[in-house]
Asker: 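Starting off with a structure, shown below.
Atoms within a ligand are numbered from 1 in the order they appear, just like the ligands themselves.
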Amino acid sequence: MLPVLLLSGLAAGVRAVNNGLARTPQMGWNNWNSLGCDVSESLLLDTAKKLIDAGLRDVGYNYVVLDDCWSDGRGSDGYIRVDKVKFPNGMKSIAKHLHDNGLLYGMYSSAGEMTCARYEGSLDWEKQDAESWASWDVDYLKYDNCYHRGRFGTPEISFNRYNTMWQALNATGRPILYSLCSWGEDYVHTWGMSIANSWRMSGDIYDSFTRPNDLCICTNAADPHCVAPGSHCSVLNILNKVAPYADRGQPGGWNDLDMLEVGHGGMTDDEYVAHFSLWAAVKSPLLIGADLRHLDAKTLTILNNPAVIAVNQDPLGRSVTRVRRDTDVPKDKYGVGETQVWSGPLYGGDEVVILLNAVGEDLEMSTDLNEIFFSDGPEGSAPQTKEKWAVYDLWANRMDDGTAQRILDAPVTELESVFSKANVYNSTLTPYVEGLKAGDERLMGKKVGELAPGGELKATVPKHSVKMYRLKSLENGGKRYSIHRDEL
Ligand code: GAL
């Protein structure tokens with residue numbers, strides 16, 4: 001076995017930060033997308049309760065992340081002060097409450113003299129601020145990029161600025177997940193993995209699937225002329241920026257496509273399904289951005305789909321990559337239109353496939369085993385193309401709205417029985433890796449067909465939506481192991 005393991009390690013180029021965190025992409029909630037600066041202790045505690053009661057903690061969303069606007073200047077001792085009106089009991093008491101409830105606490109600052117909303121920043125105060133997070137028992141730092149006093153422009157300058165906080169976090173001795181928010185600047189995908197658990201690849205997401213916006217002019221994360229990653233970036237804009245670098249994520253460090261807009265209200269249900277599926281399969285952190293105090297049934301049934309989350313939390317930790325992009329297709333009302341096919345390896349030799357229809361009308365789409373396994377050998381040379389595969393639809397077992405509504409309406413005393421009747425997956429009790437090893441049906445989706453060697457996978461994909469499948473080999477009792485796809 002040893003040579004195989006060594007080969008696997010080398011093939012995957014395993015190098016990442018050594019804090020032991022984010023072996024799979026982090027999951028949780030962050031207030032920014034829906035609430036901006038409207039933050040308070042009660043918001044965090046109410047959200048924590050909702051994460052638990054709606055069953056979201058127990059499908060994996062365990063970080064509660066407070067974004068910008070929580071501080072009140074810096075004291076003469078050099079330590080940052082907490083806004084006592086918004087957080088009357090301080091940060092440590094919030095951390096304790098979250099920890100007592102099986103959750104973890106994330107906070108925010110900027111590698112600049114101010115945060116983006118112009119609160120106190122941590123630039124040149126890294127040591128003091130890291131000490132504060134550690135003393136408050138914080139588990140996660142999102143570290144932004146505003147007001148950096150011009151200290152950017154080359155990968156090395158940005159690396160050094162972010163590395164100072166990484167060193168300061170390390171020096172505290174507390175494992176703190178380090179999430180860079182430098183919007184893809186200075187080729188962060190080339191150095192982020194050396195010091196951080198995730199790195200943002202774009203300016204801020206907004207609640208639209210394809211709508212272009214002048215505030216988000218960059219379409220290519222590596223374009224040196226793209227000096228303003230901006231905000232108001234659509235789902236498709238971000239996806240297209242990440243596509244050339246999708247393979248940079250690995251256990252311990254991930255491309256961050258930005259927080260989820262699912263449930264915010266600006267997209268259709270199909271668009272949110274597509275957004276969630278793609279973020280999951282590209283192995284982005286999954287941070288819910290909706291105000292969970294007003295969670296509705298449809299939103300819950302997207303966020304709690306264990307078959308899709310299992311792809312995100314897959315122990316192999318490999319992103320899907322894009323194997324086809326067609327732009328010569330009809331356009332939507334914003335003049336945008338394209339189709340894409342993505343595929344990638346999963347635990348045990350399974351494969352995930354996504355057909356994306358970003359066109360303004362429903363389409364027949366198809367791909368075949370040669371294209372799906374392109375990365376394992378072009379032009380049909382991959383051994384997988386000669387096998388038979390079972391096809392599982394990862395959205396076919398989506399929870400029905402009635403069940404979701406019963407969960408949302410149930411008094412706390414009845415929740416356990418509602419969860420058990422609905423047969424919901426509980427990753428707190430059975431981590432995804434265990435469920436996958438056991439072949440738990442809830443993580444597999446629904447079998448919808450089989451592919452013969454070289455076979456074609458066809459589907460009608462509604463406009464602005466996806467079809468998402470797990471392929472399972474029908475050879476060797478359903479387990480297809482190969483050297484470089486083995487579990488590390
Ligand atoms: C942006 C960041 C957002 C949010 C915001 C807070 O730079 O990308 O995710 O944190 O700042 O002001």
Side-chain angles (χ1 to χ4, degrees), residues 25-40 43-44 47 63-73 80 83 86 105-123 129 133 138 140-152 158 161-162 165 177-186 188-189 192 196-208 213 215-218 221 226-235 237-238 241-242 254-264 266 275 279 284-291:
Q26 67 265 30
M27 296 176 66
W29 173 88
N30 173 305
N31 63 273
W32 183 257
N33 283 358
S34 52
L35 290 147
C37 279
D38 189 8
V39 293
S40 63
L43 168 68
L44 300 186
T47 301
Y63 283 101
V64 174
V65 183
L66 168 64
D67 211 280
D68 206 343
C69 316
W70 56 265
S71 66
D72 181 22
I80 199 163
D83 184 325
K86 293 173 180 168
Y105 192 22
M107 287 191 66
Y108 162 100
S109 188
S110 179
E113 58 186 342
M114 291 188 290
T115 69
C116 298
R118 300 181 192 169
Y119 287 71
E120 192 66 27
S122 297
L123 189 65
D129 289 356
W133 330 133
V138 166
Y140 181 125
L141 176 67
K142 169 177 174 179
Y143 204 37
D144 213 337
N145 196 31
C146 281
Y147 303 107
H148 47 45
R149 301 177 66 98
R151 291 190 221 169
F152 88 122
S158 284
R161 183 162 46 96
Y162 280 95
M165 180 57 89
L177 191 155
Y178 189 32
S179 157
L180 306 188
C181 180
S182 60
W183 319 312
E185 251 176 35
D186 285 343
V188 65
H189 59 277
N197 298 109
S198 62
W199 48 91
R200 276 268 300 275
M201 288 295 290
S202 164
D204 292 12
I205 193 170
Y206 85 148
D207 198 9
S208 170
N213 188 290
L215 288 174
C216 180
I217 49 167
C218 301
C226 182
V227 290
S231 58
H232 294 64
C233 300
S234 70
V235 164
N237 170 285
I238 295 176
K241 277 180 194 154
V242 173
W254 308 101
N255 283 323
D256 179 355
L257 277 63
D258 203 357
M259 296 156 312
L260 296 165
E261 291 288 358
V262 178
H264 201 173
H275 167 32
W279 263 226
S284 174
L286 297 178
L287 276 296
I288 300 169
D291 182 353

Asker: Is there any N or O on Asp144 that sits under 3.5 Å from an N or O of ligand 1?
Answerer: yes
Asker: Any idea which atoms of ligand 1 are less than 4.0 Å away from a heavy-atom of Ala117?
Answerer: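 Going through ligand 1 atom by atom, the ones under 4.0 Å from Ala117 are 12 (O).
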Asker: Can you tell me if Gln26 and Asn197 form a side-chain donor-acceptor pair at under 3.5 Å?
Answerer: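 Side-chain D/A pair, Gln26 to Asn197: absent.
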Asker: Could you check whether any side-chain heavy atom of Tyr178 comes within less than 4.5 Å of a side-chain heavy atom of Ser198, counting everything from C-beta outward?
Answerer: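 Not touching, per the 4.5 Å side-chain cut-off.
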Asker: If we only count heavy atoms from C-beta on, is the Pro285 to Lys142 side-chain gap below 4.5 Å?
Answerer: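 When only atoms from C-beta onward are counted, Lys142 and Pro285 do not touch, as no gap falls below 4.5 Å.
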Asker: Specify the protein heavy atom at minimum distance from atom 5 (C) of ligand 1: its residue, its atom name, and the distance to 0.1 Å.
Answerer: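 Nearest protein contact, heavy atoms only, for atom 5 (C) of ligand 1 is Trp32 CE2, 3.5 Å.
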Asker: Decide yes or no on side chain to side chain contact (heavy atoms under 4.5 Å, CB included) for Trp133 and Ser109, but give the supporting numbers first.
Answerer: CA-CA 10 Å; Trp133 330 133; Ser109 188; 3.8 Å; yes
Asker: For Tyr119 and Asp68, test the side chains for any donor-to-acceptor distance below 3.5 angstrom and give the result as yes or no.
Answerer: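 Judged by distance alone, the side chains do not pair up.
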Asker: Taking all heavy atoms of Ile205 and all of Trp279, pick out the closest pair and write down the distance.
Answerer: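 Of all heavy-atom pairs spanning Ile205 and Trp279, the closest is CD1-CZ2, 3.8 Å.
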Asker: Can you list the atoms of ligand 1 that are under 4.0 Å from a heavy atom of Met259?
Answerer: 9 (O)
Asker: Give the residue and atom name of whichever protein heavy atom lies nearest to atom 8 (O) of ligand 1, and the separation in Å to one decimal.
Answerer: Asp204 OD1, 2.5 Å
Asker: Is Cys181 touching ligand 1 with its side chain, its backbone, both, or neither, if touching means heavy atoms under 4.0 Å apart?
Answerer: side chain
Asker: Determine, considering heavy atoms only, which of Asp67, Asp256, Asn145, Ile205 sits nearest to atom 10 (O) of ligand 1.
Answerer: Asp67
Asker: Is Thr115 close enough to touch ligand 1? Criterion: a residue heavy atom under 4.0 Å from a ligand atom.
Answerer: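 So Thr115 does not count as touching ligand 1.
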Asker: With a cut-off of 4.0 Å, which atoms of ligand 1 are near a heavy atom of Trp183?
Answerer: 7 (O), 8 (O)
Asker: Looking only at non-hydrogen atoms, find the nearest pair between Lys241 and Pro229 and report the distance.
Answerer: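 The answer is NZ-O, 4.5 Å.
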Asker: Scan side-chain atoms only and decide if Asn30 and Tyr63 contain a donor-acceptor pair under the 3.5 Å cut-off.
Answerer: no
Asker: To which protein heavy atom is atom 12 (O) of ligand 1 closest, and what is the distance rounded to 0.1 Å?
Answerer: Asp68 OD2, 2.7 Å
Asker: Can you tell me which residue and heavy atom of the protein come closest to atom 9 (O) of ligand 1, and the distance to 0.1 Å?
Answerer: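 Looking only at protein heavy atoms, the one closest to atom 9 (O) of ligand 1 is Lys142 NZ, 2.7 Å.
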Asker: Please identify which atoms of ligand 1 are closer than 4.0 Å to at least one heavy atom of Arg200.
Answerer: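 Going through ligand 1 atom by atom, the ones under 4.0 Å from Arg200 are 8 (O), 9 (O).
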